[in-house]
Each structure stands twice: as C-alpha cells, then as structure tokens.
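Below is one structure, written out as structure tokens; the observations come after it.
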Amino acid sequence: MFAALKPDDVAALVFIDIAIIVVVSRLMAAIFRKLRQPAVVGEIVAGLMLGPTLLGSLPGTFPITCSPATRSDLR
C-alpha cells in the first residue's frame, strides 16, 4: 500500500496523525483536569484510545500508519 503513495502523501498522513494525537491528548487532559485528576492520566487514556487497541479495529486510514505486518511487533 505504501508503494502507491508518494513521499509527500506519506508525510501529510504523518503530520495529520500527529495533529490528531496532540488535539485528542490535550482534550482528554483538559477533561481529566476538570475531574480533578492529573492531566497525564488523560493523555495516557488518549494514547490508549488512539492506539491499535481501539482505533486499530476500525476501518479507515489507520492501517496505513500501523500495518498488519507491524501489529505483531506491538503485542
């Protein structure tokens, strides 16, 4: 699947993924601060949500960044 993508497309996907990670982690940190919990707990929860555990099972562009070949290394 990577062979069909140009380097610019791969770079764009990586930057979009980074932006999603930052936004979701900041949002979860704010929610956990309102619940009087440390912000880092919200960031950890965001990481779990965005990882292959939850989003890896959904269809979409996630398999591009976390291909089935690399999932065995993550377990």
Side-chain angles (χ1 to χ4, degrees):
M1 185 165 217
F2 281 115
L5 295 175
K6 297 176 184 176
D8 290 340
D9 295 335
V10 173
L13 285 174
V14 169
F15 285 124
I16 290 170
D17 290 344
I18 291 171
I20 290 170
I21 290 167
V22 169
V23 168
V24 172
S25 66
R26 298 286 295 202
L27 178 67
M28 292 302 291
I31 290 171
F32 272 73
R33 268 191 241 115
K34 293 241 186 234
L35 297 172
R36 296 181 185 244
Q37 297 295 319
V40 71
V41 175
E43 293 166 353
I44 290 170
V45 170
L48 292 172
M49 287 176 15
L50 294 174
T53 304
L54 181 65
L55 290 182
S57 62
L58 299 176
T61 60
F62 187 75
I64 292 173
T65 57
C66 187
S67 68
T70 60
R71 286 188 190 171
S72 62
D73 297 332
L74 295 175
R75 291 183 186 180

With sequence neighbours excluded, residues passing side-chain contact (heavy atoms from CB on, under 4.5 Å) with V22: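 side-chain contact (heavy atoms from CB on, under 4.5 Å) list for V22, sorted by chain: I18, R26.
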In a table with atom names and distances, give each donor-acceptor pair under 3.5 Å that connects a side chain of residues 29-38 to protein atoms at least two apart or in another chain.
none

Nearest heavy atoms of L50 and I21, plus distance in Å: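 Scanning both residues, the minimum pair turns out to be CD1-CA, 3.7 Å.
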Approximate separation, where rounding is to 0.5 Å, of L48 CG and M28 CE: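 The CE atom of M28 is 9.5 Å from CG of L48, to the nearest 0.5 Å.
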Interatomic distance, S25 atom OG to I44 atom CD1 [nearest 0.5 angstrom]: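 Answer for the OG-CD1 pair, S25 versus I44, is 11.5 Å.
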Common cluster, V24/L27, ILVMFWY with side-chain heavy-atom separation under 4.5 Å: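 Yes; L27 is reachable from V24 via cluster members.
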